[in-house]
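This report concerns only the one structure given below.
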2 protein chains.
Amino acid sequence: MADIARRTDHRYGNRPTMKDVAARAGVGLKTVSRVVNGEPGVTPDTERRVHEAIEALGFRRNDSARVLRKGRTATIGLVLEDLADPFYGPLSRAVEEVARAHGALLINGSSAEEPEREQELALALCARRVDGLIVIPAGDDHRYLEPEIRAGVATVFVDRPAGRIDADAVLSDSFGGAREGVAHLIAHGHRRIGFVGDRPRIHTGAERLRGYRAAMEDAGLPVREEWISLGSTNPERVSAAVREMLTAPEPVTALFAGNNRVTVTAVRTLAAHPSPVALVGFDDIELADLLGITVIAQDAAALGRTAAERLFRRLDGAGGAPERVVLGTTLLARGSGEIAPPTA
Amino acid sequence: MADIARRTDHRYGNRPTMKDVAARAGVGLKTVSRVVNGEPGVTPDTERRVHEAIEALGFRRNDSARVLRKGRTATIGLVLEDLADPFYGPLSRAVEEVARAHGALLINGSSAEEPEREQELALALCARRVDGLIVIPAGDDHRYLEPEIRAGVATVFVDRPAGRIDADAVLSDSFGGAREGVAHLIAHGHRRIGFVGDRPRIHTGAERLRGYRAAMEDAGLPVREEWISLGSTNPERVSAAVREMLTAPEPVTALFAGNNRVTVTAVRTLAAHPSPVALVGFDDIELADLLGITVIAQDAAALGRTAAERLFRRLDGAGGAPERVVLGTTLLARGSGEIAPPTA
DNA sequence: TAGAGGCTGGACAACGTTGTCAGATCGCGA
DNA sequence: TCGCGATCTGACAACGTTGTCCAGCCTCTA
């Protein structure tokens, strides 16, 4: 064949290996390995020769082979919902920092809230033999991870608990936070309060709805089903639902928004509404202080950090039953939640 | 030793291998490989037996070994500045989507703007033999990547060009965008305009400053050095610098902010200022529409997508000299940039 | 019935590294 | 000068997978 440019084989552009370095330095393979890994027992002169050969060839150790031999990848996987969601940026970053402190790298992927994709991603990470896995569940059945966990993949769930298996989890107090937020609205005189939430199939969505109902019940207030909007966080649908609540015969006078994206949409929708409507949102948002949006803030970075630390403790051999850690939330009163109902 | 709990060896909790599957199914090793990889030449009956064995043992292929053998990892690396920065979330997500479409996973890490950390991270990714690398530079000398690129690691730089080496790059038009933004302020009557920017050592920072100077010069306006604040994006320092510009004997009447973080700080600082000050910021920000902040928007997702697509084209064998792609920016007039100077 | 040809299955080497272990070398004292 | 440690070095196997290649079997035809 006249196929001259064709590579002789399939490999990484023919990178030099330890064998090549050894040949060039005139030493044995293992000696190169020793130098590369800083093991003792190499004369300074030999070491220098090896370093020169490494330099000259541009050698870099192939960690794939190393992993195969050693059994640990020093890599952890993070399956989250959407890296573009501002809630997950700090969370992911916090995980990364902890990983870095433990000398590990982070592989991450977004599930886009699709359970199949979460599973596909988590299993792909397991196939790469990540040492541990941090998962923000999209689905509610994680039995598919059982063989992996049994095989030694440390696994911690964040933001939402695992479904159908018993595993470590680090959560925010969705129920308590929502209850507090709605109680805050009630304390400011509201009696008809709308809840705009996530899919109730998602744990956090369900918990926040439960918190809403609990606060209403605590105050002896009725809840009408038309005050509750669940389902997608699609802006158009959310916006339409909000408008409907506001123009009903007996309109709501305040809204509780179930997560950051819903809150943003709600703020946009309310901005176009003639009269002020009270609003409390779950999750803090950048610039919310300037817009005067009252929120129930959760600490995304703390969630990530806590989960990662637990993961590495498990990797370091910590035993014991799976635990669930719940982190508290903070109500930040900034104006929108303190608007009184119209004195109609 | 009475060390009963000790693992017999170092490996992944003794996961089953293809060999184990083969033994259990009563077939040869290679047959299992064929079934796992969907290769032809296996009778349905044999295939069924193999699948049963896989199921029963909870076998999952070890991709580390696979990678070692095949030479491709189907993984790309992304070195960015800070995953928690809302600018990088969508960028990272876009890269991930493209990678996914090509069946690859994404490993990412934050350099925290430290050149050493960028290098450490990039080389660690190379050691894991990522097929390609997307880098948002923190440093300005990337010669350390030369051996890697020569060895076949496709590399694309994003947001800022590579330093001291010739490589593909996908950038936003920082110069043009800044020039347009400042010209916009000038068109609204401002003559004393402050520039609050990034470290000028960073390419984007320098380019935006250059755009500012060009716009001023185009209009025949002088630039005083005390109108320019460079250096860290640390909120306190930025805030102090802004206050200084506003309270000088001849105060600026408008500000151009060099990036999203600076814009946020500027907005906060200006909110506490007695009289309105015009502001245009580089980078769009969530909720900026509601706050009426005029910005020069760049499309972070498009940057990431374009870079990733180029990377995979290189991986698919596209040759040719390194190219630089520059994406345009968009001025979004929302109010803050259209404030007229005080008629003093 | 025998041979050709197609299909299935398995033995073996190789990927690049590290752990084990034994051999080589050196310095020093007797 | 020889022997003995101590120190340094290298041969070899193994990690779990895939590519190559050959053997066996089955079917179909002459």
Side-chain angles (χ1 to χ4, degrees), chain A residues 7-50 53-54 57-74 126-129 151-152, chain B residues 7-50 53-54 57-74 126-129 151-152:
Chain A
R7 290 239 198 86
T8 45
D9 65 14
H10 57 94
R11 271 169 301 109
Y12 333 93
N14 294 329
R15 290 190 83 119
T17 70
M18 283 191 177
K19 200 171 154 189
D20 302 321
V21 174
R24 170 149 189 147
V27 301
L29 179 55
K30 179 65 209 202
T31 301
V32 177
S33 171
R34 272 193 272 261
V35 171
V36 170
N37 294 295
E39 291 170 24
V42 180
T43 25
D45 182 58
T46 310
E47 187 173 339
R48 191 184 43 73
R49 287 215 314 285
V50 171
I54 289 176
L57 295 173
F59 166 80
R60 187 164 313 283
R61 181 178 64 197
N62 184 332
D63 274 353
S64 290
R66 173 168 225 253
V67 156
L68 178 59
R69 189 63 234 255
K70 302 203 73 135
R72 280 276 179 128
T73 53
C126 289
R128 297 205 184 199
R129 296 296 188 266
Chain B
R7 290 238 198 86
T8 46
D9 64 15
H10 57 92
R11 270 170 302 109
Y12 331 92
N14 293 331
R15 291 189 84 117
T17 71
M18 283 192 177
K19 201 171 154 189
D20 302 322
V21 174
R24 172 153 187 143
V27 302
L29 179 55
K30 180 64 209 206
T31 302
V32 177
S33 173
R34 272 195 271 261
V35 171
V36 169
N37 293 295
E39 290 170 26
V42 180
T43 27
D45 183 58
T46 309
E47 187 174 339
R48 192 185 42 73
R49 287 216 314 285
V50 171
I54 288 176
L57 295 173
F59 166 79
R60 185 164 315 281
R61 181 178 64 196
N62 183 334
D63 274 354
S64 291
R66 173 167 224 252
V67 156
L68 178 59
R69 188 63 236 258
K70 301 203 74 135
R72 281 274 180 129
T73 53
C126 290
R128 290 192 197 210
R129 294 298 187 265

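So that the names make sense, note that chain A is the first sequence line, chain B the second, and so on, each numbered from 1. Values below: all heavy atoms of this structure, side chains included; hydrogens, waters and symmetry mates excluded.
At whole-Å resolution of the value, CG in B:L68 and P in D:dG19 are 13 Å apart. Atom CG of B:N62 and atom C1' of D:dA14 are 14 Å apart (whole Å). Atom pair A:M18:CE and C:dC15:C1' shows a separation of 14 Å (rounding to whole Å applied). To the nearest angstrom, P of D:dT17 lies 21 Å from CZ of A:R66. Following rounding to the nearest Å, A:L57 (CG) and C:dG16 (P) show an atom-to-atom distance of 14 Å. When rounded to the nearest whole Å, the span between CG of A:D20 and C1' of C:dC15 equals 13 Å. For B:K19 and D:dC15, the NZ to P distance is 7 Å, given to the nearest whole Å. C:dG16 atom P lies 9 Å from atom CZ of B:R129, rounded to whole Å.
Side-chain atoms of B:T46 and B:V35, non-hydrogen and from C-beta on, never get closer than 4.5 Å to each other. For the pair B:N62/B:T17, no side-chain contact is recorded, criterion being any heavy-atom separation below 4.5 Å from C-beta on.
A distance of 7.5 Å separates CD1 in B:I54 from CE in B:M18, rounded to the nearest 0.5 Å. Expressed to the nearest 0.5 Å, how far CZ of A:R15 lies from CG of A:D20 amounts to 12.0 Å.
Recorded end-axis angle for the helix from C:dT1-D:dA30 to C:dA30-D:dT1 stands at 60°, based on five pairs per end and rounded to 10 degrees.
A search for side-chain contact (heavy atoms from CB on, under 4.5 Å) contacts involving A:D63 returns A:R61, A:R66, B:A127, B:R128, not counting sequence neighbours. Under the side-chain contact (heavy atoms from CB on, under 4.5 Å) criterion, A:A23 pairs with no residue at all, not counting sequence neighbours. Looking at residues two or more places apart in sequence or on another chain, you find a salt bridge (charged side-chain N to carboxylate O under 4.0 Å, His left out) between A:R60 and B:E148.
Sorted by first and then second residue, the pairs that involve residues 29-48 of chain B and meet salt bridge (Lys or Arg N to Asp or Glu O under 4.0 Å), not counting sequence neighbours, are B:D45-B:R48, B:D45-B:R49, B:R48-B:E52.
Heavy atoms of B:G41 sit under 4.0 angstrom from primed sugar atoms or phosphate atoms, though from no base atom.
If you check distances only, the side chain of B:R69 does reach the base of D:dT18 with a donor-acceptor pair under 3.5 Å.
Residues B:V67 and A:S64 share a closest heavy-atom pair of CG1-OG, 3.2 Å.
OP1 or OP2 of D:dG19 has at least one side-chain nitrogen or oxygen of B:K70 nearer than 4.0 Å. Between B:R61 and the phosphate of D:dT18, there is a side-chain N or O to OP1/OP2 separation shorter than 4.0 Å. Side-chain N/O atoms of B:T46 include one lying less than 4.0 angstrom from OP1 or OP2 on C:dG9.
Distance from the side chain of B:E39 is smallest for D:dG19 among the nucleotides D:dT9, D:dG19, C:dG16.
Listed by residue number, the members of residues 26-38 of chain B with any heavy atom below 4.0 angstrom from DNA chain C are B:V27, B:G28, B:K30, B:T31, B:R34.
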